[in-house]
Amino acid sequence: MSDSRFDARFDPGQADGRWQRAWDDAQTFRADDSSTKPRSYVLEMFPYPSGRIHIGHVRNYTMGDVLARYKRMTGHEVLHPMGWDAFGMPAENAAMEKKVHPGAWTYQNIANMKAQLKRLGFALDWSRELATCDPDYYGHEQALFVDLFEAGLVYRKESAVNWDPVDQTVLANEQVIDGKGWRSGAPVEKRKLSQWFLKITDFADELLEGLGTLEEWPDKVRLMQENWIGKSSGLQFSFKLSDGGSLEVYSTRPDTIFGASFVAVAPDHPVAQAAAANNPEAEAFIEQCKRGGTTAAELETAEKLGFDTGITATHPFSGAELPVYIANFVLMEYGTGAVMAVPGHDQRDFEFATKYGLPIVRVVAANAAEADAPLSEAEAGDGILVNSDFLDGMSVEEAKRAVIGRAESEGWGQGKTVWRLRDWGVSRQRYWGTPIPFIHCSACGVVPVPKDQLPVVLPEDVDLSVPGNPLVRHPTWKHVDCPQCGGKAERETDTLDTFVDSSWYFLRFASQPADRPFDPAEVARWLPVNQYIGGVEHAILHLLYARFWTRALARTGKLEVREPFASLFTQGMVTHETYFREIDGREVFYSPAEIERTSAGATLTEDGQPVEIGRVIKMSKSKKNTVDPDEIVARYGADAVRWFMLSDSPPERDLPWSEAGIEGCWRFVQRLWRLFGQYDGGAQGEDKALARKTHQAIAAVGEDIEALSFNKAVARIYELTAAAEKAAPSADRSAAIRTILLLASPMMPHLAEEGWAAIGQQGLVADAPWPEADPALLVEDEVTIAVQHKGKLRDTLTAPKGASKEALEALALASEKVQRSLDGADIRKVIVVPDRLVNIVT
RNA sequence: GCGGGCGUGGCGGAAUGGUAGACGCCGGGGACUUAAAAUCCCCUGGGCUUUGCCCGUGUGGGUUCGAGUCCCACCGCCCGCACCA
């Protein structure tokens with residue numbers, strides 16, 4: 001049966017745009033706040049408007065889109081919004097390089113990227129679009145920040161920044177390369193500035209406890225957050241110093257106290273500062289530490305260095321005098337900024353002790369006989385205490401309790417819980433961010449901008465060709481009258497970390513009143529987000545800050561929701577082969593567009609000569625292994641690209657882009673189109689086997705989409721397609737074809753709409769209900785049983801489903817192949833797993 | 001360095017502790033065609049003495065009737081480390 005409408009190939013060039021307009025015109029994907037249907041909030045992490053969407057965005061948004069469309073088809077009112085994380089450094093860099101205003105650059109990028117997203121046919125509610133750089137958005141953020149200030153969750157303190165002494169500007173960590181400023185090349189210094197902080201540590205316990213309720217988050221992300229929050233219990237105690245002072249240290253291993261051979265303090269610890277005051281060498285050492293990197297990774301990979309202050313600390317039990325060192329690996333931010341160092345059982349201390357010839361004593365061993373076994377590295381494991389006076393023979397846990405008990409009863413220390421989590425520094429000395437809505441008055445101090453004077457809008461007339469924050473240099477902007485006393489005062493010129501912007505955008509999507517950040521009742525109807533999707537790189541910071549911000553608002557009574565994201569999914573990256581040649585000892589990379597790729601190798605189109613095929617890595621501009629979503633959509637249509645994003649690789653893993661892969665997807669689009677052409681609404685007759693496969697596919701694809709296992713759903717659709725193609729015409733075959741169209745529609749919506757209309761169905765397939773699986777057709781009546789002997793497969797048998805163990809055993813023993821394998825051996829045992837296998841043990 | 005993850009054919013991957021390699025890509029063979037494209041059919045982990053047998057899920061051990069799956073150790077790669085977003 002052929003149909004003239006299907007004579008031509010499916011042409012995405014004209015079909016894609018037509019259906020995108022049809023959805024727009026019908027407002028198909030607009031979320032109805034007053035709907036009585038069950039709600040589903042599907043959200044992907046919003047993009048930074050860099051100018052072009054990246055293939056990684058396409059993957060991320062395709063996953064969310066399939067889920068959103070599926071949820072609509074299964075009867076949900078779906079909120080699936082999109083917006084722009086629009087503040088940040090790239091806009092300032094562009095302003096410097098291209099002499100464009102950050103705002104103009106950003107809005108142009110948004111326009112470009114929005115058009116790109118539209119061409120992919122995403123089922124988004126664009127009526128809720130927002131950009132964080134819009135005063136309409138950041139003005140509300142300023143109000144929330146003032147609320148948190150009034151709730152006592154905002155404060156100011158001194159904190160170090162990377163200072164470029166040549167450009168006279170603060171640098172982000174990524175702008176510091178090998179300890180030097182990226183533009184000036186000057187050695188970066190640490191400089192202390194008074195900055196704004198949010199009290200995330202007030203919520204450490206809550207954020208940790210809350211992880212337990214996030215059952216639909218990946219375990220790995222929960223574990224990473226747990227480790228980041230880093231709750232530890234230990235002993236804080238005081239050493240008496242030889243100079244008459246005392247020194248508070250914190251240790252999570254008080255059981256190892258008899259193994260302490262020195263004490264180490266951070267370079268910015270008061271004891272170190274005091275040593276520097278009367279010792280030029282100590283001062284020089286501290287200066288050297290300041291020149292090192294600021295990041296934890298740099299500090300911990302750097303060679304362990306120390307400076308002996310000459311001061312000693314008295315061991316609380318043995319009375320031994322331990323040298324006090326200034327050490328570059330001790331962090332002022334954690335605990336008390338000073339540690340008792342136990343080289344035998346801490347690797348950093350071990351390296352340090354080895355370098356400076358300090359004693360390394362074993363105080364934990366597997367058993368008493370091992371007490372004096374030499375240590376070639378620190379042993380952090382469990383065991384019993386040795387060489388430890390009254391602790392000898394105790395377990396690590398018993399010893400911890402014993403030491404804390406003695407310290408508390410003798411009054412020189414106490415058990416203490418310490419968190420690794422530090423308060424969130426939100427000050428940025430930059431222009432393109434949310435102005436912190438405060439005013440500095442010499443009479444009244446730091447005063448919030450009154451709510452009726454918000455938003456504090458960024459000035460437009462700024463000069464970004466000079467390094468440094470233009471808000472500081474601006475002739476008029478910062479000069480204001482104090483809202484309290486009316487006297488002359490100055491605006492705060494720091495702007496907020498962009499992580500603040502992304503800590504509540506999901507609330508604003510759910511509710512957008514003009515006069516307030518959101519309406520709590522409306523938010524409560526949509527939140528928590530049912531499915532949040534984004535990259536693992538956000539596993540800690542963004543997700544923890546968003547959880548904190550939500551809880552902080554809840555504490556101030558602004559919100560009922562405590563955990564914003566009920567279910568989280570972290571998708572993998574899109575990768576691609578790299579192509580390069582070594583020229584003068586340097587690797588020169590070529591983009592895929594410049595390459596002819598065959599199964600044998602790759603050549604450069606320009607000169608026909610071979611190039612080397614490098615590793616498959618994350619797409620990046622510097623390696624030129626990117627592909628442009630627009631180009632591939634223009635070549636293959638949105639549906640083939642979407643299908644490729646979902647096929648093959650499981651969504652949490654990396655997806656290698658390949659030309660052959662997208663070609664295969666294109667062919668499948670056309671194959672489905674031909675199959676739709678075989679649809680005959682009037683076909684008669686049964687095909688029980690195909691009907692069974694159809695209903696099994698309905699059940700499986702639904703489950704796979706719910707589990708976000710798109711690659712498996714895709715495989716199921718391939719299977720059913722192959723079965724339907726082979727089947728003879730029948731009513732069941734037509735039902736199978738119609739079902740395939742529906743099952744594929746969230747993934748290939750344009751093809752599905754075109755096919756839906758062509759087979760004479762009413763309305764949009766986007767509005768059609770998801771097919772229901774008939775439970776009676778899901779079960780097979782025959783199963784294949786594997787028969788093993790000596791742990792190896794010997795035969796497979798067909799048996800009725802639910803056959804008894806005895807029947808299966810008899811069937812297995814009757815097999816000729818099995819008898820040959822047994823070769824008359826005595827049967828010791830037969831294991832039968834019903835409907836699965838028989839294992840004969842001889 | 002610390003924390004987290006991943007590792008299965010030529011490639012992407014599938015597999016409630018129970019038939020390893022579903023499904024797709026690449027490749028090979030064939031059909032159709034004047035020819036090509038498109039399409040369709042068959043084959044496709046390795047080896048061997050090929051009615052069948054042996055090997056095989058990063059490496060080395062272990063638990064089990066049975067391990068890709070669980071445990072221990074190691075190797076490699078990837079992500080995060082608080083001012084990139």
Side-chain angles (χ1 to χ4, degrees), chain A residues 9 45 47-48 50 85 87-90 161-162 170-176 195 200 218-221 223-228 230 294-302 304 329 333 347-348 351 420-430 497-499 502 535-542 544-545 570 572-573 575 599 615-618 647-650 652-656 658 660-665 667-668 670-671 674 709 711-712 714-719 722 725 784-796 817 820 828-831 833 836-842:
Chain A
R9 293 178 138 207
M45 291 179 186
Y48 178 79
S50 58
D85 189 12
F87 274 136
M89 289 199 305
V161 294
N162 300 309
V170 176
L171 300 177
N173 285 337
E174 71 158 13
Q175 297 174 319
V176 180
Q195 308 200 65
I200 190 172
D219 288 341
K220 63 174 176 182
V221 175
L223 193 55
M224 280 191 265
Q225 291 213 349
E226 186 182 325
N227 291 335
W228 184 262
T294 47
T295 69
E298 282 172 313
L299 286 176
E300 288 176 43
T301 46
K304 308 281 173 286
F329 64 90
E333 289 83 9
Q347 189 57 29
R348 288 169 305 184
E351 286 170 31
R420 207 186 75 98
L421 184 68
R422 307 201 298 259
D423 274 338
W424 177 13
V426 293
S427 278
R428 297 293 181 269
Q429 294 71 36
R430 274 186 260 287
D497 180 4
T498 56
F499 274 127
S502 54
V536 238
E537 64 272 23
H538 296 292
I540 296 175
L541 294 181
H542 161 58
L544 192 65
Y545 290 147
T570 57
M573 300 178 300
T575 58
S599 56
R615 292 196 306 133
V616 177
I617 53 172
K618 179 180 180 171
S647 308
D648 296 352
S649 286
E652 69 278 10
R653 276 208 235 163
D654 290 350
L655 170 68
S658 82
I662 184 71
E663 293 276 355
C665 293
R667 285 197 298 271
F668 186 65
Q670 298 304 336
R671 189 174 151 199
R674 286 192 300 275
S709 297
N711 57 321
K712 290 196 253 174
V714 162
R716 290 295 191 154
I717 291 172
Y718 274 121
E719 275 172 315
E725 283 169 340
T784 306
I785 305 290
V787 186
Q788 295 181 336
H789 172 225
K790 289 195 245 176
K792 289 202 163 55
L793 181 72
R794 301 298 161 177
D795 199 4
T796 54
K817 287 177 181 173
R820 204 184 313 137
R828 293 214 330 256
K829 197 170 165 187
V830 178
I831 290 146
V833 182
R836 282 227 166 240
L837 117 169
V838 178
N839 188 5
I840 302 163
V841 186
T842 53

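Since the structure is predicted, the reported quantities are computational estimates derived from the model, not experimental observations.
- Phosphate contact (OP1/OP2 of rU19(B), side-chain N/O of Thr784(A), threshold under 4.0 Å): absent.
- Going from atom NZ of Lys220(A) over to atom C1' of rG4(B) covers 8 Å, rounded to whole Å.
- For rG7(B), the O4'-C1' to base torsion is more than 90° from 0; the nucleotide is therefore anti.
- In terms of phosphate contacts, Lys712(A) brings a side-chain nitrogen or oxygen within less than 4.0 Å of OP1 or OP2 of rA15(B).
- One P atom belongs to rA20(B), the other to rA37(B), and the distance between them is 40 Å to the nearest Å.
- The NE2 atom of His789(A) sits 17 Å away from the C1' atom of rG52(B) (whole-angstrom rounding).
- In terms of phosphate contacts, Arg667(A) brings a side-chain nitrogen or oxygen within less than 4.0 Å of OP1 or OP2 of rC26(B).
- The CG atom of Asn173(A) sits 13 Å away from the C1' atom of rG80(B) (whole-angstrom rounding).
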Using the 3.5 Å cut-off, write out each protein N or O paired with an N or O of nucleotides 7-13 of chain B and the distance between them.
unit_1  : atom_1 : unit_2    : atom_2 : d
rG7(B)  : OP1    : Arg653(A) : NH2    : 3.1
rG12(B) : O2'    : Ser649(A) : OG     : 2.6
rG12(B) : N2     : Asp648(A) : OD1    : 3.0

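- In this model, a side-chain donor or acceptor of Gln429(A) finds a partner on the base of rC83(B) within 3.5 Å.
- Using P as the reference atom, rC23(B) and rA14(B) are 14 Å apart when rounded to the nearest Å.
- Rounded to an integer number of Å, the gap from Tyr545(A) OH to rG80(B) P is 15 Å.
- The residue Ser658(A) sits apart from the nucleic acid: no heavy atom pair falls under 4.0 Å.
- In terms of position on RNA chain B, the residue among Tyr48(A) and Lys304(A) whose nearest nucleotide sits closer to the 5' end is Lys304(A).
- Heavy atoms of Gln225(A) sit nowhere under 4.0 angstrom from any nucleic acid atom.
- Residue Lys817(A) has no polar side-chain atom (N or O) positioned under 4.0 Å from OP1 or OP2 of rU51(B).
- rG21(B) and rG9(B) are spaced 7 Å apart, taking the C1' atom of each and rounding to whole Å.
- Nearest-nucleotide positions on RNA chain B for Leu837(A) and Met573(A) put Leu837(A) closer to the 5' end.
- In this structure, Ala539(A) reaches neither bases nor backbone, as no heavy-atom distance under 4.0 Å exists between it and the strands shown.
- Nucleotides rG29(B) and rC74(B) are separated by 45 Å at their C1' atoms, to the nearest Å.
- Classified by interplanar angle (parallel below 30°, tilted 30° to 60°, perpendicular above 60°), the ring pair Tyr718(A)/Phe668(A) is tilted.
- When the nucleotides rU51(B), rC40(B), rA85(B) are ranked by their closest atom to the side chain of Arg820(A), rU51(B) comes out on top.
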Tabulated below should be each protein N or O lying under 3.5 Å from an N or O of nucleotides 62-72 of chain B; please produce it.
unit_1  : atom_1 : unit_2    : atom_2 : d
rC65(B) : O2     : Asn839(A) : ND2    : 2.4

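- The residue Lys618(A) sits apart from the nucleic acid: no heavy atom pair falls under 4.0 Å.
- Checking the phosphate oxygens (OP1, OP2) of rA82(B), no side-chain nitrogen or oxygen of Arg422(A) falls inside 4.0 Å.
- In this model, a side-chain donor or acceptor of Gln195(A) finds a partner on the base of rC83(B) within 3.5 Å.
- Taking a pair to require two hydrogen-bonding distances under 3.5 Å in either a Watson-Crick or a G-U wobble arrangement, rA20(B) remains unpaired.
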